[in-house]
Structures are given as structure tokens and as C-alpha cells.
Q: 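Sharing a structure here in C-alpha cells format.
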Amino acid sequence: MIKTVATTPYDDQKPGTSGLRKKVPHFQRPNYVENFVQSIFDSLEGFEGKTLVIGGDGRYFNREVIQIALKMAAAAGFGKAMVGQGGILSTPAASNVIRKYGAFGGIILSASHNPGGPTEDFGIKYNTGNGGPAPEKITDAIYARTRTITEYRVLDAPDLDLDAISTLALGSMRVEVIDPVADYAELMESLFDFPALKAMFAGGFRMAFDAMSAVTGPYATEILENRLGAARGTVRNGTPLPDFGGHHPDPNLVHARELHDVMMEENAPDFGAASDGDGDRNLIIGRGIFVTPSDSLALLAANAHMAPGYAAGLAGIARSMPTSGAADRVAEKLGINLYETPTGWKFFGNLLDAGLATICGEESAGTGSNHVREKDGLWAVLLWLNILAVRKQSVRAIAKEHWETYGRNYYARHDYEGIDSAAANGLVDALRARLATLPGTTLSGLVVAAADDFAYHDPVDGSTSANQGIRVLFEGGSRVVFRLSGTGTSGATLRVYIERYEADPAKLAQATEVALADLISAAETLAEISSRTGRTAPDVIT
Ligand code: VG1
Ligand code: CO
């Protein structure tokens, strides 16, 4: 029986960079989940009888919300739901299932790199039939609906058992509980030279993969250890836990410190990698060398043709605006276009669908390609492995050669977390007000060449997205970028992105903080960070 339940709107259900994210107790408010899910369905058309994919990163509250979403999907008229066993689907695996089975769309339950647990974070995101995050047109419609919603519809039925692979019925909707790993592993096998990777591991190649007690564990264990023959124990923290073991599943040098330290030891494995809560990001560390995500994107793009799936070359490269210009130099050399988009994977969808870009990346350790419509942590790791298998060089040697060919983009991101929202907005407003007067002025010895608030004009659908980050570009190619995070759940997070381009062969081996020192001080002077936020140092440097 379908129940229609009266409800009243919440005023804070605006999706951010990647879906709606709040603390679990916030999501547990009466009808909070139901309002948002109904608003998703109310913003879509033509899904009657079609398939909805549902899965999540296994964090606390995942199981409860999946049951609600299933019963609401049945009430809304979907014909079939595909759910990962145990409610598990990594973000890239969900994207693949949507595409492979021609689903109408999917609901992904994740707050990605944010911590999990009864008082930590949860999130809901809608992906469209191309497998990618809903574009702004749809997220805006969902938000508008959350402001006016008066009722939701739900099937009155007991919870389903999602722990066994099976086909179930929920009213007139069929529910297929699927193996969350199989389709994804098959896709990876079609893109990369698995026999060559197997031979590399058989030859003694050693790797450490930190799944951070999040969703990638089962995927990494199946692919790296079972299929490619990497030694047992290659995958660390491989069991997904609802609270990620109390850690932040954020693959950066702060939260993946353990892996970093292992990789800096003298007898370190050949290759180290980590992934985030929902499996869409990657951290790459070679023996004794951390590869910045921006450099990783450039290196992957420059060498992708070595993997069978990319042997035909790349159509184009896309990167988010704050990501360093390292990939731009690769695109230039390859004679292909480079697209610069706002932060968030949803902006890559049109470029990938139109065949304009093959590889995309963000400075936040997200890289991916046209194989799905999400960033994909393990994909990046496997492409790296494929390149290592072909080049037979160390990560350090490959990075060094790359810098010698293209120059080096020294890069760092400074995050000031949980700062007062009013202070954060004041800081950005003040910067915006000064943009017109900045060009020509000198800061910490650096001359400002241009300054703007980044706006994106989508070349495919003509849409415009304004206010996507303040850019201050200096003469010589250095820059600082300021923007506020759209994924946090308490206060505001200011992100300051700092980049210097260095082509002088004698200056390619500097410590990053030394290479960026003058820019860091220019950023402080320009944005008055300490006086406006009360912080004298960032919480996280990546
Ligand atoms: C952050 C990253 C962004 C990424 C987004 C979602 O957004 O900066 O590059 O796309 O997280 O990634 P923000 O607005 O906090 O800067 V994930 O792995 O959380 O789905
Ligand atoms: Co993620």
C-alpha cells in the first residue's frame, strides 16, 4: 500500500559541491530524508517503470536511508531498483552500473571524505542517466522543490534483506541486489593490461594501498590481490566500517599520514596509494616521493596511451580551475584542448558526453576518464600501475623526467576549517570588491597581472556558473586562488590554492614550502586571513 504523508519544508536542503551533506542527527530530523528524496523524484520526469540504482559508501545511517529510498522509489513508480549488496556501491561503481544497465539515474549515499558515525556526516546525491552527478539545472530544481514540498509518498512495507545477492519484490517494483564489485572489476580489466600488471607483481613489485576503512576495500582487494596477484596485505584497512575506524577517509598527507610514512622509509614499497570514503579519489605516493594530485593528472594524461583503453590517445583534458596548470602543458604538447571548469565533478559531464575531454582531474585528488562519469580512485591507481609496468621506472624517475620536459608547477592547498561563516563570507566579499584595483599592484615582491572571480561558460550547453573562486594571477605564471568549500557541514572552510610555475632546470628540486613562500605571504596579506578568521596557520596543508 502506498502512503501519502504530509510534511513541511526544511530551508537548508541546498545541494553543495557534491550533493546534500549534513550531520547524521540533522538527517535524522522528522522527514528530513523523505523530503529530500521526494524532492529529487519530483524534479525528474519520465522514470515510470525505469531503473534506479541505489548504493552508498557504507557509512553510518546508510542502511536506514537505503530502505527509505527504496520504498519511496517503489511508491514513485520506478520499475526496478539495483542495489549493491549490503547497500555498498562506491561512487565510480555506481556510475558504471547506471551506464551499463541503462538506468534512469541513481541515488548515492555518501559524504565522501567527511568522517562518519552517529554524530558525524551523511550525504545524498542524485546522478543522472549518463552516470554523472546531476548538473546544476537539476540540483537547483531539487532545492526549489525542498522549499515548497507538502507531502511525500512511500510504500508501506517491511525492510528488505539486502545482504544476499537476490531479486526481491517491493510492491510492483523489482529490487535486484547485485555484487557491488563484479561489474566494476570487469570494466577495469577492459581498460588496463592486467596480464602486464600481473607479471609486474609476480616479479616482486610491492605496493601499499590504504582503503582507509572505507568503501574501496572490497574493490581493491578483489582487483589488486585476487586478480592481479599483489601480495596479501597489500590492501590495508580494507574492511569498510560505518565510522571509518574513527578517522577522516580523506586521502591527503594529514589523514593518510601512516601510508605516507611507510612510503618515506628506506625499504618502502614501490608504489603507495589511498582512496577516500566513497572511492572516487586517489592519493599517489612513490617510494620517497609524494605526487601532487595536479601533477598526477598531468602525468597520467601524458602517459595514458600506454594503457590499452587509451591507446588511441586523448580527445582533450579537463581540470577544475584551482587545479594546477601542469596538465595544460601536456595538452599543449599533445595538441589537444584543455578545459578549465569550476570545482566539482558535475562540470565534467557535458565535456565527457560530448567527447571533448577524455581525462579529467581536480587538485583534491580526483582523477577520472570517460569510462564513467565520476572521478575514480582505483582507476587512477591502475593507470599508474599500467604506466609503471610499461616504463619500468620508479615513480620518482617518472616525475623527474616529466618536470624536466614540461617544467614544474609547485603547488599546495591550505585549508582553514570550521571558521565562522560570516567571517569567511566577509573575507571573500572584501577580496571580490578589490579585484578591479589589483592588477599592476605588487604583493610580497610579486606583480599582479590579473584578478577575477571565475565564471564558467559551458561550451556544450551554454550555461554559465558564476562566483566559482577568486583568482589572483601574478606575472610569470604564479597564482593564488581563494574559495569556500561546498562540502563541509559545520561553519565554513576557506581553501587557498597556491601555485608557482618553474621552468629553470636548476630549480626543479626545491621543497614546496620554500618554492611557494612568497606566494603564501602574498595570500595572507591580500585576504587578511589571520585578522579576519583568527587563524594564523591552516588546519590542513595538502
Ligand atoms: C571538495 C573538493 C572538490 C571535490 C568535492 C567532492 O569540494 O575540493 O574538488 O569535487 O570535494 O569530492 P569543496 O567544495 O569542499 O572544495 V568528494 O570525493 O567529497 O565526492
Ligand atoms: Co569522494
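We count ligands from 1, going down the list as the structure has it; atoms in each ligand are counted the same way.
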Q: Within a distance under 4.0 Å of any heavy atom of R495, pick out the atoms of ligand 1 and give their elements.
A: 8 (O), 13 (P), 15 (O), 16 (O)
Q: Between E340 and R471 (salt bridge meaning N to carboxylate O under 4.0 Å), is one present in this structure?
A: yes
Q: So, H402 versus Y406, ring centres under 6.0 angstrom or not?
A: yes
Q: Any idea which protein heavy atom is nearest atom 7 (O) of ligand 1, and the distance to it?
A: T487 CG2, 3.5 Å
Q: Which atoms of ligand 1 sit under 4.0 Å from any heavy atom of G344?
A: 10 (O)
Q: Among protein heavy atoms, which sits nearest to atom 6 (C) of ligand 1, and what does the distance come to when rounded to 0.1 Å?
A: K375 NZ, 3.6 Å
Q: With respect to the Co ion (ligand 2), please indicate if T91 possesses an N, O or S atom at a distance under 2.8 Å.
A: no
Q: Of all the atoms in ligand 1, which lie at a distance below 4.0 Å from a heavy atom belonging to G486?
A: 13 (P), 14 (O), 15 (O)
Q: For R21, take its heavy atoms, then give the atoms of ligand 1 lying under 4.0 Å from any of them.
A: 17 (V), 19 (O), 20 (O)
Q: Taking the six-membered ring for Trp, are the ring centroids of Y184 and Y219 within less than 6.0 Å of each other?
A: yes
Q: Of all the non-hydrogen atoms in the protein, which one sits nearest to atom 17 (V) of ligand 1, and at what distance?
A: S112 OG, 2.8 Å
Q: Can you find a non-hydrogen atom of S320 under 4.0 Å from ligand 1?
A: no
Q: Can you list the atoms of ligand 1 that are under 4.0 Å from a heavy atom of R483?
A: 13 (P), 14 (O), 16 (O)
Q: Show which atoms of ligand 1 fall inside a sub-4.0 Å distance from at least one heavy-atom site of D276.
A: 18 (O)
Q: Identify the protein heavy atom lying closest to atom 2 (C) of ligand 1, giving its residue, its atom name and the separation to 0.1 Å.
A: S364 OG, 3.5 Å
Q: Kindly compute the distance separating CG (N96) from CG (L187), expressed to the nearest 0.5 Å.
A: 4.5 Å
Q: Cation-pi check for Y143 against K14: NZ or CZ below 6.0 Å from the six-membered ring centre and within 45 degrees of the axis, yes or no?
A: yes
Q: Any donor-acceptor pair under 3.5 Å linking the side chain of S43 with the backbone of S39?
A: yes
Q: Hey, which atoms in ligand 1 end up nearer than 4.0 Å to a heavy atom of T343?
A: 3 (C), 8 (O), 9 (O)
Q: In D280, the N, O or S atom nearest to the Co ion (ligand 2) is which?
A: OD1
Q: Mind checking whether T17 has an N or O less than 3.5 Å away from an N or O of ligand 1?
A: yes
Q: With a heavy-atom distance limit of 4.0 Å, tell me whether T91 approaches ligand 1 through its side chain, its backbone, both, or neither.
A: neither
Q: Are Y60 and V24 packed together at the side-chain level, in the sense that at least one heavy-atom pair is separated by less than 4.5 angstrom?
A: yes
Q: Near R413, which atoms of ligand 1 are under 4.0 Å from a heavy atom of that residue?
A: 8 (O)
Q: Can we say R236 and D210 salt-bridge, meaning some charged N sits less than 4.0 Å from an Asp/Glu carboxylate O?
A: no
Q: Is it the side chain, the backbone, both or neither of E374 that has a heavy atom closer than 4.0 Å to ligand 1?
A: neither
Q: Under a plain distance cut-off of 3.5 Å, with no hydrogens placed, do D276 and S112 share a side-chain donor-acceptor pair?
A: yes
Q: Would the H26 and Y32 ring centres measure less than 6.0 Å apart?
A: yes
Q: Return the residue, atom name and 0.1 Å-rounded distance of the protein heavy atom closest to atom 4 (C) of ligand 1.
A: E362 OE1, 3.5 Å
Q: Heavy-atom distances under 4.0 Å are what count here, so tell me which part of K346 touches ligand 1: side chain, backbone, both or neither.
A: neither
Q: Would you say Q85 has more than 12 foreign heavy atoms packed within less than 6.0 Å of its CD?
A: yes
Q: Just by distance, with hydrogens left out, do T343 and Q468 show a side-chain donor and acceptor under 3.5 Å apart?
A: no
Q: Just so I know, are the side chains of F244 and R59 near enough to count as touching, which here means a heavy-atom distance under 4.5 Å?
A: yes
Q: Would R319 pass as a cation-pi partner of F348, given that its NZ or CZ must be under 6.0 Å from the six-membered ring centre and within 45 degrees of the axis?
A: no
Q: Checking a contact table here: which protein heavy atom is nearest atom 11 (O) of ligand 1, and how many Å away?
A: R281 NH2, 3.2 Å
Q: Nearest N/O/S atom of D276 with respect to the Co ion (ligand 2), by atom name, please.
A: OD2
Q: State the atom name: nearest N, O or S atom of D278 to the Co ion (ligand 2).
A: OD1
